[in-house]
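What follows is one structure encoded as structure tokens, with my remarks underneath.
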There are 2 protein chains.
Amino acid sequence: MIARRLPTTRATINDVAAVSGVSRGTVSRVLNSEAYVSEAAKKAVEDAILQVGYVRNTAARNLVTRQSHAIGLIVHEPHSLFLEDPNIGSILLGTNSVLSDADYQLVSLVIDSDRDSNRVAEYLTGGFVDGVIIVSARAHDPIAKIVSQIGIPAAFVGHPVDIEGIPYVGIDNFAAAKAITARLVGTGRTKIGMIAAGLDRDSGQDRVAGFTAALGDAFDPSLVVQQPFYAHASGLEGTRELLRRAPDIDGIFAASDAIAAGVLDALREAGRSVPGDVGVVGFDDSVWAIRTQPQLSTVHQPAGELGRGAAASVLAQIRGEAVDSSGTFLETHIVWRDSA
Amino acid sequence: MIARRLPTTRATINDVAAVSGVSRGTVSRVLNSEAYVSEAAKKAVEDAILQVGYVRNTAARNLVTRQSHAIGLIVHEPHSLFLEDPNIGSILLGTNSVLSDADYQLVSLVIDSDRDSNRVAEYLTGGFVDGVIIVSARAHDPIAKIVSQIGIPAAFVGHPVDIEGIPYVGIDNFAAAKAITARLVGTGRTKIGMIAAGLDRDSGQDRVAGFTAALGDAFDPSLVVQQPFYAHASGLEGTRELLRRAPDIDGIFAASDAIAAGVLDALREAGRSVPGDVGVVGFDDSVWAIRTQPQLSTVHQPAGELGRGAAASVLAQIRGEAVDSSGTFLETHIVWRDSA
DNA sequence: TTGTAAGCGTTATCAG
DNA sequence: CTGATAACGCTTACAA
């Protein structure tokens, strides 16, 4: 029934100084636990702080120190995907853990429209964050470009095809896709298709390339159907299309686990058994992989580590350390379960 | 190979003023598109801005305007849950959409440790955000308490049992749980158990209460097994326990869809058919509900709307409008699919 | 319509 | 060890 009060005017260093009977300078020193302050002064200040209920104004502090001790994590995904992609959650948690240890605040910024994009750009240039981690940037991503321009410490998780000079941490999508496809071939499948997605990113393109390479002469371009997102719906749609094109398909490589889950559903709907009639493999080894029926054979990707690595890179840049701007790759491995 | 440059000294309003030949005041006016600036001055300033590559320093601006145009979304969940709970994603997206329209930046802050908790508290008191939305607060949540103390505009999604005076938007968990349990009873099940979770929140408690109420005399306390989290693993564990206690169980109410997914897996593992041997119902109507086999009968909860409502409340408080501090409830409805 | 100047709350430099 | 005092970059009366 009652309106909440707006924040009241808060006590400043001046108030603390007045009450404790020392100067602002001294108050500031105890606030930042610097050396050279007498026990007496310290005690007086601490008492005064309690008494007037002082809390430091960070905007003022940032203004003069020129840093915020906050780091942004930018996630640029369409609505639905954000809900479906467990990788993002893992990356976020990994990032937060290293940032937290270094006493940096992680702030996640999701971009869901052009308007968001502009606002985030302003946010970045506004001194709110000392660095930024960019997840799932696409080709020609305006935010990636802005980050590159303003020269704020940054790192990518994955690698946008058209940006150079910003460190990234990723995996070798080509090799991983090639390996799991080869393994699928090894189980005796001869007519293998792929549901590809995210072709506007290096990851999407490289997975297709790896798939193609693994198949060699057996590769049939009409057997790869392209979908926009790494999503369940893409697997559903894509598989229906694939079945239309090649009813006798006996193997499917889904570009992600979420897609693979959709593939499984579409196959069930079409009355095909897995892995009996068709073997299917995914990519990510996310929670999806063990929740499907049958469980997914897939590529394990160290999402949490990716986040940790990107965070570490940004922190290093902030400290002024030299950083390898060419990027680093983390290991993946195949997890073989029941779907193929 | 090359270390990234640290941010170079950036142009200020003074630079723009110098180049354009007007005063700082005028530059500021065009920056904030105020009335009373001549076309000539405006043009000159805009050119100068481009020329010197000026971007406004938001820390300085915040200092004087005493606002940041940013709003925090605090998510306080253990690691794993963050990855599993699609509600959080929906809430986040809903929140972002209304904030974005109002030109506020949403910053998500995840709390994953006591250390995080303290840092976030500092962040909140630091003037980084003008308001805050709290998701999934538990009883005795320190952050909820701090928010309450500093009197920053805030809203809860859901309602922590021990905090008063802060608006919240939620659903009637009691009524919804009661309704779906009644419906399960209506299908002829006679021995119905429940996997409860999140008992440190109102939602968890109310769902148990609703379940109890629906069963009336038929309620058997030994048939509700308590689990800590709204997670798949909880469903797995809980069901095994339930089966141990009552092998002849023929109905299960899972406190969330993620739990229900675990229930389904445990039942399958035990060789029980669903809905043949036992009917199971969930709660949330999240993406989980349609990915399970069979698909879940569940309570639909408007997660996105919850987020929108909370955001709207915070915005209203910032504008100084009176807000109903007692909270508002949104409608739920039952979605009947195949699991019961 | 524009310029001037006084802050906003800190930190940091420099004497003392 | 401590106190002045000058920034930090911006907004905003108040004058002109």
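What you are looking at is a predicted structure, and each value in this text was computed from that prediction instead of being measured. Proteins come first, then strands; the chains are lettered A, B, ... in the order of their sequence lines, and each starts at number 1.
Direction change of the helix axis from one end of the helix from C:dT1-D:dA16 to C:dG16-D:dC1 to the other is 40°, with five pairs defining each end axis (rounded to 10°).
Contacts of B:Thr26 with the nucleic acid, taken as non-hydrogen atoms under 4.0 Å apart, involve only primed sugar atoms and P, OP1 or OP2.
With sequence neighbours excluded, the residues forming a side-chain hydrogen bond (donor to acceptor under 3.5 Å, both in side chains) with A:Ser100 are B:Asp116, B:Arg119, listed by chain and number.
Atom CD1 of B:Ile111 and atom CG of B:Asp141 lie 6.5 Å apart (nearest 0.5 Å).
Between A:Ala102 and A:Leu315, the shortest heavy-atom distance links the atoms CB-CD2, 3.7 Å. Minimum heavy-atom separation, B:Ile133 to B:Ala311: CD1-CA, 3.7 Å. Minimum heavy-atom separation, B:Val27 to B:Ser20: CG2-OG, 4.4 Å.
Looking at the side chain of A:Arg24, the nearest of the listed nucleotides D:dT5, C:dG9, D:dC10 is D:dT5. Distance from the side chain of A:Thr12 is smallest for C:dT10 among the nucleotides D:dC10, C:dT10, D:dG9. Here the nucleotide nearest the side chain of A:Thr65, chosen from C:dG7, C:dT11, D:dC8, is C:dT11. Here the nucleotide nearest the side chain of B:Glu34, chosen from D:dT11, D:dT12, C:dT11, is D:dT12. For B:Ala60, whose side chain is taken as the heavy atoms from C-beta onward, the closest listed nucleotide among C:dG3, D:dT11, D:dC10 is D:dC10.
One interatomic measurement links the two molecules: CG of B:Leu31 to C1' of D:dT11, which rounds to 10 Å at whole-angstrom precision.
Note on residues 12-60 of chain A: no pairs pass ring pair (Phe, Tyr, Trp, His ring centres under 6.0 Å), not counting sequence neighbours. Pairs engaging residues 87-111 of chain B under the ring pair (Phe, Tyr, Trp, His ring centres under 6.0 Å) rule: B:His69-B:Tyr104 [sequence neighbours left out].
The side-chain heavy atoms of B:Asn96 and B:Leu73, taken from C-beta on, include no pair separated by under 4.5 Å.
Side-chain contact check for A:Asn57 and B:Arg66: no donor-acceptor pair (N or O, by modelled atom type) lies under 3.5 Å.
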Could you write out each protein N or O paired with an N or O of nucleotides 13-16 of chain D at a distance under 3.5 Å?
{"unit_1": "D:dA13", "atom_1": "N6", "unit_2": "B:Arg29", "atom_2": "NH2", "d": "3.2"}

(request) Tell me, with the steps shown, if B:Glu305 and B:Arg308 meet salt bridge (charged side-chain N to carboxylate O under 4.0 Å, His left out). (result) CA-CA 5 Å; B:Glu305 273 309 312; B:Arg308 305 175 70 86; 3.5 Å; yes

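A heavy atom lying under 4.0 Å from DNA chain D marks the following residues of residues 36-59 of chain B, by number: B:Tyr54, B:Arg56, B:Asn57.
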